[in-house]
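Start at 1 and go down the list; that is how both ligands and their atoms are numbered. Remember, it's a predicted structure, so these values are computed and weren't measured experimentally.
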Amino acid sequence: MRKHVTLITGAGGEIGHGLIERLADEGDTAIITIDLNPLEGAFAGKVEHEYQGSILETHLLERILSEYEVERIYHLAAILSTRAEFTPVTAHQVNVEGTLKLLDFAQAQGESHGRAVVFLYPSSIAAYGLPNLETKAAAGAVREHEWNNPTTMYGCNKLYCEHLGRYFACHYKQLAAENLSGKVDFRAIRFPGLISAVTVPSGGTSDFAPEMIHAAARGEPYACFVRPDTRIPFMVMSDAVDGLVRLARADRARLGKTVYNITAFNPSADEICSLVMAGFPGAEISFEPDLKRQAIVDSWPADVDDSAARSDWGLDPRFDIEAGFKEFLIPRIRDRY
Ligand code: SER
(Lines give C-alpha, C1' and ligand atoms only; values in the text may rest on other atoms or scores of the structure.)
Protein backbone atom coordinates (compact mmCIF):
# COMPACT_ATOMS: atom_id res chain seq x y z
CA MET A 1 0.00 0.00 0.00
CA ARG A 2 1.15 3.52 -0.71
CA LYS A 3 1.59 5.85 2.25
CA HIS A 4 -0.81 8.83 2.57
CA VAL A 5 1.04 12.16 2.30
CA THR A 6 0.77 15.90 1.69
CA LEU A 7 2.83 17.20 -1.26
CA ILE A 8 4.42 20.68 -1.21
CA THR A 9 5.97 22.03 -4.44
CA GLY A 10 8.41 24.94 -4.26
CA ALA A 11 8.94 23.81 -0.68
CA GLY A 12 12.25 25.64 -0.30
CA GLY A 13 10.64 29.04 -0.92
CA GLU A 14 9.33 31.54 1.60
CA ILE A 15 5.82 30.15 2.05
CA GLY A 16 7.18 26.60 1.91
CA HIS A 17 9.45 27.13 4.90
CA GLY A 18 6.58 28.42 7.03
CA LEU A 19 4.24 25.69 5.83
CA ILE A 20 6.67 22.81 6.49
CA GLU A 21 7.25 24.13 10.00
CA ARG A 22 3.52 24.47 10.72
CA LEU A 23 2.50 21.06 9.30
CA ALA A 24 5.46 19.24 10.87
CA ASP A 25 4.71 20.80 14.28
CA GLU A 26 1.11 19.63 14.09
CA GLY A 27 2.36 16.22 12.94
CA ASP A 28 -0.93 14.98 11.49
CA THR A 29 0.41 14.32 8.00
CA ALA A 30 3.62 13.05 6.43
CA ILE A 31 5.09 15.59 4.00
CA ILE A 32 6.84 15.05 0.68
CA THR A 33 8.36 17.96 -1.22
CA ILE A 34 9.56 18.99 -4.66
CA ASP A 35 12.08 21.79 -5.09
CA LEU A 36 14.86 22.65 -7.53
CA ASN A 37 17.30 22.87 -4.63
CA PRO A 38 17.86 20.68 -1.60
CA LEU A 39 15.94 21.78 1.49
CA GLU A 40 17.94 23.48 4.23
CA GLY A 41 18.91 21.04 6.97
CA ALA A 42 16.37 22.15 9.56
CA PHE A 43 13.53 21.62 7.07
CA ALA A 44 14.88 18.46 5.44
CA GLY A 45 14.60 16.70 8.80
CA LYS A 46 10.87 17.48 8.99
CA VAL A 47 9.80 15.80 5.75
CA GLU A 48 9.25 12.17 4.80
CA HIS A 49 10.95 12.52 1.41
CA GLU A 50 12.28 15.37 -0.69
CA TYR A 51 12.39 15.12 -4.47
CA GLN A 52 14.94 17.44 -6.01
CA GLY A 53 13.97 18.58 -9.48
CA SER A 54 11.54 20.63 -11.54
CA ILE A 55 7.75 20.34 -11.46
CA LEU A 56 8.03 20.16 -15.26
CA GLU A 57 9.74 16.75 -15.07
CA THR A 58 6.98 14.23 -15.78
CA HIS A 59 9.03 11.27 -14.50
CA LEU A 60 9.29 12.90 -11.07
CA LEU A 61 5.51 13.14 -10.74
CA GLU A 62 5.11 9.58 -12.05
CA ARG A 63 7.52 8.33 -9.42
CA ILE A 64 5.51 10.06 -6.70
CA LEU A 65 2.30 8.57 -8.10
CA SER A 66 3.79 5.09 -7.84
CA GLU A 67 5.16 5.61 -4.34
CA TYR A 68 2.58 7.70 -2.45
CA GLU A 69 -1.12 8.41 -2.09
CA VAL A 70 -1.18 12.19 -2.17
CA GLU A 71 -4.21 13.53 -0.32
CA ARG A 72 -3.40 17.22 -0.37
CA ILE A 73 -1.20 19.40 -2.57
CA TYR A 74 0.16 22.84 -1.74
CA HIS A 75 1.44 23.95 -5.14
CA LEU A 76 3.77 26.82 -4.21
CA ALA A 77 6.38 26.65 -6.99
CA ALA A 78 6.34 29.81 -9.15
CA ILE A 79 8.43 32.54 -10.75
CA LEU A 80 7.36 35.83 -9.13
CA SER A 81 6.25 39.03 -10.79
CA THR A 82 9.49 40.99 -11.24
CA ARG A 83 11.55 38.02 -12.36
CA ALA A 84 8.81 36.88 -14.74
CA GLU A 85 9.04 40.15 -16.70
CA PHE A 86 12.61 39.30 -17.72
CA THR A 87 11.76 35.76 -18.88
CA PRO A 88 8.03 35.73 -19.65
CA VAL A 89 8.08 32.50 -21.68
CA THR A 90 9.93 30.62 -18.94
CA ALA A 91 7.55 32.14 -16.39
CA HIS A 92 4.63 30.82 -18.40
CA GLN A 93 6.23 27.38 -18.57
CA VAL A 94 6.80 27.20 -14.82
CA ASN A 95 3.69 29.04 -13.64
CA VAL A 96 1.12 27.72 -16.12
CA GLU A 97 2.48 24.50 -17.64
CA GLY A 98 3.82 23.51 -14.22
CA THR A 99 0.40 24.06 -12.63
CA LEU A 100 -1.29 22.13 -15.44
CA LYS A 101 1.06 19.20 -14.78
CA LEU A 102 0.28 19.31 -11.07
CA LEU A 103 -3.48 19.47 -11.71
CA ASP A 104 -3.20 16.51 -14.09
CA PHE A 105 -1.18 14.70 -11.41
CA ALA A 106 -3.88 15.49 -8.82
CA GLN A 107 -6.55 14.16 -11.18
CA ALA A 108 -4.56 10.91 -11.65
CA GLN A 109 -4.10 10.61 -7.89
CA GLY A 110 -7.80 11.21 -7.28
CA GLU A 111 -8.79 8.64 -9.89
CA SER A 112 -6.31 6.15 -8.44
CA HIS A 113 -7.39 6.37 -4.81
CA GLY A 114 -10.99 7.35 -5.40
CA ARG A 115 -11.08 10.45 -3.20
CA ALA A 116 -10.80 14.09 -4.23
CA VAL A 117 -7.30 15.52 -3.82
CA VAL A 118 -7.40 18.91 -2.07
CA PHE A 119 -5.33 21.29 -4.22
CA LEU A 120 -4.22 24.55 -2.56
CA TYR A 121 -3.19 27.24 -5.00
CA PRO A 122 -1.54 30.51 -3.95
CA SER A 123 -2.79 33.16 -6.35
CA SER A 124 -1.98 36.82 -5.83
CA ILE A 125 -3.02 40.48 -5.79
CA ALA A 126 -1.10 40.47 -9.09
CA ALA A 127 -4.22 38.92 -10.64
CA TYR A 128 -5.71 42.42 -10.46
CA GLY A 129 -4.85 45.28 -12.78
CA LEU A 130 -6.12 48.80 -12.24
CA PRO A 131 -5.51 51.21 -15.10
CA ASN A 132 -4.36 54.29 -13.15
CA LEU A 133 -3.96 55.78 -9.67
CA GLU A 134 -7.31 57.62 -9.76
CA THR A 135 -9.12 54.34 -10.42
CA LYS A 136 -7.06 52.61 -7.74
CA ALA A 137 -8.00 55.28 -5.18
CA ALA A 138 -11.67 55.12 -6.15
CA ALA A 139 -11.78 51.29 -6.17
CA GLY A 140 -10.87 50.92 -2.47
CA ALA A 141 -11.09 47.31 -1.28
CA VAL A 142 -11.64 45.29 -4.44
CA ARG A 143 -13.71 42.12 -4.58
CA GLU A 144 -12.60 38.92 -6.27
CA HIS A 145 -14.51 39.43 -9.53
CA GLU A 146 -13.43 43.06 -10.04
CA TRP A 147 -10.51 44.45 -12.07
CA ASN A 148 -9.25 41.08 -13.34
CA ASN A 149 -6.98 42.72 -15.93
CA PRO A 150 -3.41 41.97 -14.84
CA THR A 151 -0.55 43.80 -16.52
CA THR A 152 2.21 41.31 -15.64
CA MET A 153 3.02 37.87 -17.02
CA TYR A 154 2.88 36.54 -13.45
CA GLY A 155 -0.57 38.07 -12.88
CA CYS A 156 -1.87 36.62 -16.18
CA ASN A 157 -0.43 33.22 -15.19
CA LYS A 158 -2.11 33.30 -11.77
CA LEU A 159 -5.49 34.41 -13.11
CA TYR A 160 -5.48 31.73 -15.82
CA CYS A 161 -4.44 29.00 -13.37
CA GLU A 162 -7.38 29.94 -11.13
CA HIS A 163 -9.58 29.13 -14.13
CA LEU A 164 -7.65 25.94 -14.87
CA GLY A 165 -8.20 24.77 -11.31
CA ARG A 166 -11.91 25.51 -11.51
CA TYR A 167 -12.05 23.58 -14.80
CA PHE A 168 -10.42 20.50 -13.25
CA ALA A 169 -12.64 20.71 -10.18
CA CYS A 170 -15.97 21.22 -11.93
CA HIS A 171 -15.86 20.56 -15.66
CA TYR A 172 -12.98 18.15 -16.38
CA LYS A 173 -13.67 16.11 -19.57
CA GLN A 174 -17.31 17.12 -19.43
CA LEU A 175 -18.16 15.25 -22.63
CA ALA A 176 -16.74 11.89 -21.52
CA ALA A 177 -19.23 9.05 -20.96
CA GLU A 178 -18.28 8.65 -17.31
CA ASN A 179 -18.12 11.57 -14.89
CA LEU A 180 -14.43 12.27 -14.21
CA SER A 181 -14.68 15.67 -12.56
CA GLY A 182 -14.67 16.16 -8.81
CA LYS A 183 -11.36 14.35 -8.29
CA VAL A 184 -9.54 17.66 -7.73
CA ASP A 185 -10.87 19.85 -4.92
CA PHE A 186 -9.28 23.13 -6.02
CA ARG A 187 -9.06 26.03 -3.53
CA ALA A 188 -7.17 29.28 -4.18
CA ILE A 189 -6.12 32.28 -2.10
CA ARG A 190 -5.15 35.60 -3.63
CA PHE A 191 -2.30 36.55 -1.30
CA PRO A 192 -1.30 40.13 -0.56
CA GLY A 193 2.40 41.01 -0.21
CA LEU A 194 3.90 38.72 2.42
CA ILE A 195 6.49 39.61 5.06
CA SER A 196 8.51 36.86 6.73
CA ALA A 197 10.64 37.25 9.83
CA VAL A 198 13.01 34.57 8.57
CA THR A 199 13.48 34.88 4.83
CA VAL A 200 13.72 37.63 2.21
CA PRO A 201 11.77 37.00 -1.01
CA SER A 202 13.38 36.82 -4.42
CA GLY A 203 11.98 38.28 -7.59
CA GLY A 204 8.70 39.78 -6.36
CA THR A 205 7.42 43.34 -6.71
CA SER A 206 5.99 43.60 -3.20
CA ASP A 207 9.55 42.94 -1.97
CA PHE A 208 10.13 46.57 -0.92
CA ALA A 209 8.47 45.96 2.46
CA PRO A 210 10.42 42.85 3.52
CA GLU A 211 13.62 44.24 1.99
CA MET A 212 13.26 47.48 3.98
CA ILE A 213 12.87 45.76 7.33
CA HIS A 214 15.56 43.12 6.77
CA ALA A 215 18.06 45.74 5.52
CA ALA A 216 17.41 47.90 8.59
CA ALA A 217 18.01 44.92 10.88
CA ARG A 218 21.31 44.18 9.13
CA GLY A 219 22.35 47.82 9.52
CA GLU A 220 22.45 48.30 5.74
CA PRO A 221 21.09 51.35 3.91
CA TYR A 222 18.00 50.69 1.77
CA ALA A 223 16.72 52.57 -1.27
CA CYS A 224 13.02 51.77 -1.59
CA PHE A 225 12.03 51.22 -5.24
CA VAL A 226 8.51 52.67 -4.89
CA ARG A 227 7.15 56.10 -3.89
CA PRO A 228 6.33 56.77 -0.21
CA ASP A 229 2.57 56.98 -0.96
CA THR A 230 2.47 53.51 -2.61
CA ARG A 231 -0.18 51.36 -0.96
CA ILE A 232 -0.96 47.65 -1.32
CA PRO A 233 -2.20 45.02 1.14
CA PHE A 234 0.24 42.97 3.20
CA MET A 235 0.27 40.14 5.72
CA VAL A 236 2.75 38.49 8.08
CA MET A 237 3.94 35.12 6.73
CA SER A 238 2.66 33.06 9.67
CA ASP A 239 -0.84 34.43 9.06
CA ALA A 240 -0.55 33.60 5.35
CA VAL A 241 0.40 30.01 6.22
CA ASP A 242 -2.45 29.87 8.71
CA GLY A 243 -4.82 31.01 5.95
CA LEU A 244 -3.63 28.25 3.61
CA VAL A 245 -4.01 25.58 6.29
CA ARG A 246 -7.46 26.82 7.33
CA LEU A 247 -8.68 26.84 3.74
CA ALA A 248 -7.25 23.34 3.21
CA ARG A 249 -9.18 22.04 6.21
CA ALA A 250 -12.42 23.91 5.56
CA ASP A 251 -15.63 22.02 4.99
CA ARG A 252 -16.12 21.90 1.19
CA ALA A 253 -19.84 22.52 1.57
CA ARG A 254 -19.14 25.94 3.13
CA LEU A 255 -16.94 27.16 0.27
CA GLY A 256 -18.95 29.46 -1.94
CA LYS A 257 -15.97 30.50 -4.05
CA THR A 258 -13.00 28.93 -5.81
CA VAL A 259 -10.77 31.93 -5.17
CA TYR A 260 -10.57 34.06 -2.02
CA ASN A 261 -8.94 37.41 -1.28
CA ILE A 262 -7.14 37.67 2.02
CA THR A 263 -5.37 40.56 3.76
CA ALA A 264 -4.34 41.86 7.18
CA PHE A 265 -3.27 45.51 6.71
CA ASN A 266 -2.55 47.91 3.87
CA PRO A 267 0.08 50.49 4.78
CA SER A 268 1.76 52.97 2.46
CA ALA A 269 5.50 52.45 1.91
CA ASP A 270 6.00 55.54 4.06
CA GLU A 271 4.03 54.01 6.95
CA ILE A 272 6.14 50.85 6.69
CA CYS A 273 9.23 53.05 6.76
CA SER A 274 8.04 54.78 9.98
CA LEU A 275 7.43 51.45 11.71
CA VAL A 276 10.84 50.17 10.63
CA MET A 277 12.51 53.40 11.82
CA ALA A 278 10.75 53.06 15.19
CA GLY A 279 12.10 49.53 15.55
CA PHE A 280 15.57 50.29 14.21
CA PRO A 281 16.34 53.95 15.03
CA GLY A 282 19.11 55.18 12.78
CA ALA A 283 18.11 52.95 9.85
CA GLU A 284 19.03 54.61 6.56
CA ILE A 285 15.98 54.41 4.29
CA SER A 286 15.58 56.50 1.16
CA PHE A 287 13.03 56.46 -1.66
CA GLU A 288 14.35 56.02 -5.20
CA PRO A 289 11.36 54.87 -7.25
CA ASP A 290 12.02 52.57 -10.18
CA LEU A 291 9.29 53.84 -12.50
CA LYS A 292 8.72 50.49 -14.18
CA ARG A 293 8.37 48.45 -10.98
CA GLN A 294 6.33 51.33 -9.56
CA ALA A 295 3.86 50.97 -12.43
CA ILE A 296 3.34 47.31 -11.53
CA VAL A 297 2.62 48.08 -7.87
CA ASP A 298 0.38 50.99 -8.91
CA SER A 299 -1.72 48.53 -10.94
CA TRP A 300 -2.35 46.38 -7.84
CA PRO A 301 -5.24 47.32 -5.53
CA ALA A 302 -4.68 49.45 -2.43
CA ASP A 303 -6.86 47.03 -0.49
CA VAL A 304 -8.89 43.86 -1.01
CA ASP A 305 -12.25 42.80 0.39
CA ASP A 306 -11.69 39.51 2.21
CA SER A 307 -15.13 39.19 3.77
CA ALA A 308 -15.87 35.94 1.90
CA ALA A 309 -12.73 34.26 3.33
CA ARG A 310 -13.71 35.41 6.82
CA SER A 311 -17.25 34.10 6.60
CA ASP A 312 -16.75 30.93 4.51
CA TRP A 313 -13.68 29.45 6.21
CA GLY A 314 -12.81 31.61 9.18
CA LEU A 315 -9.85 33.68 7.97
CA ASP A 316 -8.59 35.35 11.13
CA PRO A 317 -5.13 36.94 10.87
CA ARG A 318 -3.45 37.26 14.26
CA PHE A 319 -1.39 40.34 13.45
CA ASP A 320 -2.61 43.80 12.51
CA ILE A 321 0.01 46.30 11.42
CA GLU A 322 1.02 47.51 14.90
CA ALA A 323 1.29 44.06 16.46
CA GLY A 324 2.74 42.59 13.26
CA PHE A 325 5.68 44.99 13.28
CA LYS A 326 6.19 45.73 16.98
CA GLU A 327 5.49 42.35 18.56
CA PHE A 328 6.42 39.96 15.78
CA LEU A 329 8.54 41.11 12.85
CA ILE A 330 10.90 43.61 14.49
CA PRO A 331 11.86 41.53 17.55
CA ARG A 332 12.28 38.33 15.53
CA ILE A 333 14.23 39.95 12.73
CA ARG A 334 16.42 41.75 15.28
CA ASP A 335 17.22 38.40 16.92
CA ARG A 336 17.91 36.81 13.58
CA TYR A 337 20.76 39.17 12.70
N1 SER B 1 4.53 38.95 -3.82
C2 SER B 1 4.34 38.62 -5.19
C3 SER B 1 5.19 39.40 -6.07
O4 SER B 1 5.56 40.48 -5.69
C5 SER B 1 2.92 38.88 -5.57
O6 SER B 1 2.20 37.71 -5.38
O7 SER B 1 5.45 38.97 -7.15
Side-chain angles (χ1 to χ4, degrees), residues 9-10 13-19 74-88 90-92 94-96 98-99 120-130 136 142 144 147-162 165 188-214 224-227 230-241 243-244 247 259-267 269 272 289-290 292-304 306 309 317 324 329:
T9 72
E14 280 210 290
I15 303 179
H17 279 163
L19 185 63
Y74 292 90
H75 173 41
L76 309 179
I79 294 183
L80 294 185
S81 57
T82 288
R83 197 161 284 170
E85 289 310 307
F86 293 100
T87 53
T90 305
H92 187 278
V94 173
N95 295 347
V96 175
T99 301
L120 273 298
Y121 183 66
S123 187
S124 164
I125 40 165
Y128 295 106
L130 293 117
K136 173 166 168 160
V142 304
E144 285 86 349
W147 301 108
N148 291 172
N149 300 299
T151 69
T152 61
M153 185 49 139
Y154 173 79
C156 293
N157 296 163
K158 288 291 179 187
L159 190 59
Y160 174 62
C161 286
E162 294 174 1
I189 287 180
R190 284 197 190 140
F191 280 116
L194 301 178
I195 313 177
S196 164
V198 204
T199 48
V200 189
S202 54
T205 319
S206 60
D207 294 5
F208 59 92
E211 282 174 3
M212 195 185 289
I213 177 167
H214 282 264
C224 179
F225 61 80
V226 294
R227 292 184 316 268
T230 305
R231 193 180 291 279
I232 56 168
F234 279 100
M235 183 174 247
V236 168
M237 185 62 76
S238 53
D239 278 336
V241 167
L244 265 180
L247 178 57
V259 179
Y260 289 91
N261 282 338
I262 72 171
T263 183
F265 40 84
N266 64 325
I272 297 172
D290 169 331
K292 292 182 172 164
R293 289 180 97 187
Q294 177 76 58
I296 292 177
V297 187
D298 284 345
S299 78
W300 292 350
D303 197 4
V304 293
D306 63 4
L329 290 169

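- Not one N or O of T82 is nearer than 3.5 Å to an N or O of ligand 1, by distance alone.
- Taking 4.0 Å as the cut-off between side-chain N and carboxylate O, R231 and D303 do not count as a salt-bridged pair.
- Nearest to atom 1 (N) of ligand 1 by heavy atom, out of S206, A209, G204, is S206.
- Each of the following atoms of ligand 1 lies closer than 4.0 Å to a heavy atom of L80: 7 (O).
- Each of the following atoms of ligand 1 lies closer than 4.0 Å to a heavy atom of T205: 3 (C), 4 (O), 7 (O).
- Taking every heavy atom of S81 and a limit of under 4.0 angstrom, the matching atoms of ligand 1 come to 3 (C), 4 (O), 7 (O).
- If you look at F208 next to ligand 1, there are no close heavy atoms at all, none under 4.0 Å.
- Where the criterion is an N or O separation shorter than 3.5 Å, residue side chain and backbone included, D207 fails it with respect to ligand 1.
- Side-chain atoms of H92 do not come within 3.5 Å of backbone N or O of Y154 as any donor-acceptor pair.
- With ligand atoms numbered from 1 in the order given, ligand 1 contributes 5 (C), 6 (O), 7 (O) to contacts under 4.0 Å with heavy atoms of Y154.
- Taken to the nearest 0.5 Å, the CG atom of L80 stands 14.5 Å off from the CE atom of M153.
- Although no hydrogens or angles enter the test, the distance criterion places a donor-acceptor pair under 3.5 Å between the side chain of S196 and the main chain of T199.
- With ligand atoms numbered from 1 in the order given, ligand 1 contributes 5 (C), 6 (O) to contacts under 4.0 Å with heavy atoms of S124.
- A donor-acceptor pair shorter than 3.5 Å can be found between the side chains of H75 and T99.
- Looking only at atom types and distance, the side chain of T152 has no donor-acceptor partner in the side chain of E85 under 3.5 Å away.
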As a quick check of understanding, evaluate side chain to side chain contact (heavy atoms under 4.5 Å, CB included) for C161 and V96, giving each step before the final call. CA-CA 6 Å; C161 286; V96 175; 4.1 Å; yes
